[in-house]
Amino acid sequence: MQKITIQNLDKYVGKEVKISGWLTNKRSGKGIEFLIVRDGSGFVQCIADENEIDAKVFNLAKSLSQESSFELKGTVVKDEKQIGGFEIHVKDIKLIGESVSFPITNKPHGVEFLMDNRHLWLRSKRQWAIMRVRNRLIFAIHNFFQKEEFVQMDAPFFTGNAVEGTTTLFATDFYDDKAYLSQSGQLYGEAMAMAMGKIYTFGPTFRAEKSKTRRHLSEFWMIEPEMAFFDNDMNMDLIESFIKYIVKDVKENCKAEFEILERDTSIFDLIIKDKFPRLTYDQAAKILIGEEKVNGKTTIETLENDFLEVLKNIEENQKEIESAENQIKAGVKKGQKNYLQNKIDTIKNNIKELDEKKKVIPQWIESAKHFKYGSDLGGSDETVLTRMFDLPVMVYNWPHEIKAFYMKRDKENPHLAKGVDVLAPEGYGEVVGGGERETNEELLIGKINEHQLPMKAFEWYLDLRRYGSVPHAGFGLGLERMVAWICKLKHIRETIPFPRMYGRLFP
RNA sequence: UCUCCCUUAGCUCAGUUGGUUAGAGCACCUGACUGUUAAUCAGGGUGUCCAAGGUUCAAGUCCUUGAGGGAGAGCCA
């Protein structure tokens with residue numbers, strides 16, 4: 001008999017197989033037990049029928065608790081009703097490890113409780129699906145760059161200098177010298193691109209910002225390609241084909257995962273097919289304040305519509321609660337009452353979210369109306385701007401004052417820098433930031449002084465401009481933000497096995 | 001660092017205008033039911049109401065301070 005994994009069940013229909021795994025859930029009827037088993041590769045329902053197996057085995061099946069581990073023998077049967085499309089009729093079970101009172105049940109839990117139990121939470125179906133999508137994204141990213149003849153190289157984690165002086169860094173001790181954990185591998189990426197042509201780094205990045213928001217982590221993974229002989233237009237073309245490629249790959253290879261996550265993947269088809277809108281910063285600013293329309297509508301009109309929609313939804317939800325409460329008052333069976341109570345709770349949660357929107361949309365409108373030309377796009381501005389499109393939006397040609405010191409100045413418009421930000425749709429905000437790099441040594445020295453950075457630490461970087469300097473460009477993709485958007489998650493903390501964020505160092 | 005919100009059973013939450021014995025569902029145990037999809041049904045008990053102080057005849061409920069968490073701003077991928 002062959003030992004197999006759940007993801008390969010389709011090749012063994014009608015055959016007897018052996019799997020090892022854990023029990024995630026159990027349902028029972030008279031003389032029958034439905035065991036939901038996971039083995040890391042997938043989930044499958046196994047049926048233990050009292051009439052078909054040894055009494056000892058049946059009793060063992062009956063007594064199995066959540067997350068106990070065992071080896072199971074049985075016959076693979078096709079069943080369209082099941083998530084994977086198959087089930088196993090049990091012949092024999094051997095217990096390996098008991099599990100008493102597993103803390104994470106198949107019922108809702110709060111965020112704090114789940115985060116405290118992250119080491120166990122990872123076993124749940126939803127987390128399994130997210131981690132599989134993350135894995136596939138990483139695979140697709142490597143495939144894309146390798147296919148495009150990029151060389152993967154690694155930047156150091158310990159650095160002696162801050163790339164962008166403003167951000168807070170984690171300070172550590174490096175043989176009695178002060179060192180920082182890297183917040184970007186980009187400067188080293190530029191040096192490596194001058195050696196290898198096209199390179200990409202893929203590693204962890206550390207930011208000590210005391211940010212407690214749904215899109216921040218203190219430790220996250222970043223992909224940073226850097227290309228010699230590239231200008232910003234070529235850079236934007238590359239970013240667009242890169243995103244199209246990884247979205248297509250993950251859509252085709254993670255169907256079961258998206259089903260578990262209840263992620264509507266139809267938006268991916270647009271992304272794969274249509275050209276991304278490219279807006280200059282000037283255009284973006286005009287759209288924001290309502291001077292320029294998108295598809296015949298201004299941002300203000302769109303948001304005001306959204307706001308009315310929210311009010312309408314809240315009203316409808318409240319009516320539904322009222323009618324459910326009246327039914328309960330009138331007297332119903334226990335099962336019906338539970339069902340209604342459950343429904344009320346769900347609607348109440350909905351209303352909480354809608355109330356949040358009700359509070360926040362007027363603030364967005366105000367913030368958009370009063371957007372000042374020359375300032376950076378705030379979180380709400382990004383949401384407002386992307387609300388106008390179904391695709392990722394590329395914003396380029398930024399006022400140079402608000403961009404990093406190494407950003408290439410536009411010859412024709414010296415107040416602009418040739419940077420590009422990619423804003424993901426559905427409110428996910430900036431997933432990519434990049435641009436063409438300054439090659440003019442004098443301008444660069446001026447910028448380093450302007451930002452009050454220690455010139456000595458940048459001597460090696462300036463060398464890149466002294467010996468065969470060429471136009472070059474690159475970008476950085478935040479892996480976790482990408483995963484959050486692709487899976488449509490509420491919070492970035494679910495996108496990485498063990499998130500490190502302000503106030504969270506364990507488990 | 002700032003603003004707003006939350007903290008009640010192992011978990012998720014309800015608790016009205018301050019009122020006398022603090023509630024529900026789930027989890028857990030027992031039983032019923034041959035195919036369940038968070039299975040269902042009957043029964044079984046559980047509390048430092050986050051902490052400290054204050055107002056009051058009376059505080060889970062009101063006030064002050066603190067702790068932890070959440071959402072947002074700033075900053076950012």
Side-chain angles (χ1 to χ4, degrees), chain A residues 24-36 43 45 47-52 65-66 79 81-83 87 89 100-117 125 164 166-168 183-184 186 205-224 328 333-342 344-345 348-349 352-353 355-357 359-360 363-364 367 375-380 382-383 402 404 421-424 428-434 475-485 490-493 495 502-504:
Chain A
T24 75
N25 196 12
K26 187 172 67 174
R27 293 178 281 270
S28 46
K30 179 167 181 152
I32 191 161
E33 294 288 326
F34 301 93
L35 310 173
I36 318 301
F43 295 78
Q45 171 167 282
I47 293 108
D49 189 327
E50 197 173 22
N51 299 323
E52 286 175 20
S65 56
Q66 195 189 354
D79 183 356
K81 275 188 293 184
Q82 304 307 325
I83 256 202
E87 60 180 24
H89 287 213
V100 182
S101 309
F102 190 70
I104 300 173
T105 63
N106 289 318
K107 300 288 170 191
H109 295 284
V111 174
E112 195 186 356
F113 179 79
L114 288 170
M115 284 302 300
D116 285 341
N117 289 286
K125 205 176 216 173
E164 290 149 58
T166 50
T167 331
T168 355
Q183 59 169 345
S184 165
Q186 187 217 307
T205 297
F206 309 91
R207 307 251 167 117
E209 296 150 3
K210 286 186 179 170
S211 292
K212 289 180 80 160
T213 81
R214 59 181 71 193
R215 47 180 202 284
H216 280 90
L217 287 171
S218 304
E219 179 186 286
F220 64 96
W221 289 70
M222 193 151 68
I223 295 91
E224 295 183 281
I328 291 176
K333 272 192 182 170
K334 197 175 170 188
Q336 180 73 0
K337 189 184 160 193
N338 284 346
Y339 170 79
L340 290 170
Q341 198 55 55
N342 215 329
I344 291 173
D345 289 349
K348 274 191 183 169
N349 273 331
K352 263 187 203 166
E353 273 174 44
D355 274 339
E356 185 65 35
K357 274 193 185 165
K359 209 174 90 187
V360 113
Q363 291 171 9
W364 289 354
S367 158
S375 62
D376 206 349
L377 298 183
S380 75
E382 287 181 2
T383 311
I402 55 172
D421 281 0
V422 180
L423 309 177
Y428 283 91
E430 190 176 350
V431 286
V432 168
F475 63 90
L477 171 91
L479 178 66
E480 285 76 15
R481 283 196 183 170
M482 193 71 191
V483 176
W485 166 45
K490 287 218 179 88
H491 202 292
I492 200 164
R493 74 186 123 216
T495 62
Y502 184 58
R504 173 65 59 186

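To find a chain, count down the sequence lines: A is the first, B the second, and so on, and within it residues start at 1.
Dashed line: the shortest gap from a side-chain N or O of A:R27 to OP1 or OP2 of B:A39 is under 4.0 Å. Listed pair A:N25 / B:A39 meets the phosphate criterion, a side-chain N or O lying under 4.0 Å from OP1 or OP2. The side chain of A:R214 contributes no N or O atom lying less than 4.0 Å from OP1 or OP2 of B:A71.
The shortest distance between side-chain heavy atoms of A:R504 and A:D116 falls below 4.5 Å. Between A:R481 and A:I492 the shortest side-chain heavy-atom distance falls below 4.5 Å.
Residue contacts shown for A:E87 include a base, since a base heavy atom lies under 4.0 Å away. Among the protein residues, A:H491 comes within range of the sugar-phosphate backbone only, with heavy atoms under 4.0 Å from sugar or phosphate atoms but none that close to a base. Heavy atoms of A:D376 sit under 4.0 angstrom from primed sugar atoms or phosphate atoms, though from no base atom. Contact annotation for A:R215: base contact, defined as any heavy-atom pair under 4.0 Å involving a base atom. When heavy atoms are screened at a 4.0 angstrom cut-off, A:D116 is found touching no nucleic acid atom at all. Contacts of A:H216 with the nucleic acid, taken as non-hydrogen atoms under 4.0 Å apart, include base atoms. Base engagement by A:N51 is indicated by at least one non-hydrogen atom pair under 4.0 Å involving a base atom. Counting any heavy atom pair closer than 4.0 Å across all strands shown, A:S28 reaches a base atom.
Searching all strands for a Watson-Crick or G-U wobble partner of B:G47 with both distances below 3.5 Å returns nothing.
Across the protein-nucleic acid pair, A:N117 atom CG and B:G10 atom C1' stand 11 Å apart, rounded to whole Å.
For OH of A:Y502, the number of neighbouring non-hydrogen atoms (other residues, nucleotides, ligands) closer than 6.0 Å is 12 at most.
In the interface, the side chain of A:E50 is not paired with the base of B:U34 through any donor and acceptor atom under 3.5 Å apart.
Residues that satisfy the side chain to side chain donor-acceptor pair (under 3.5 Å) test with A:S380, not counting sequence neighbours, are A:S367.
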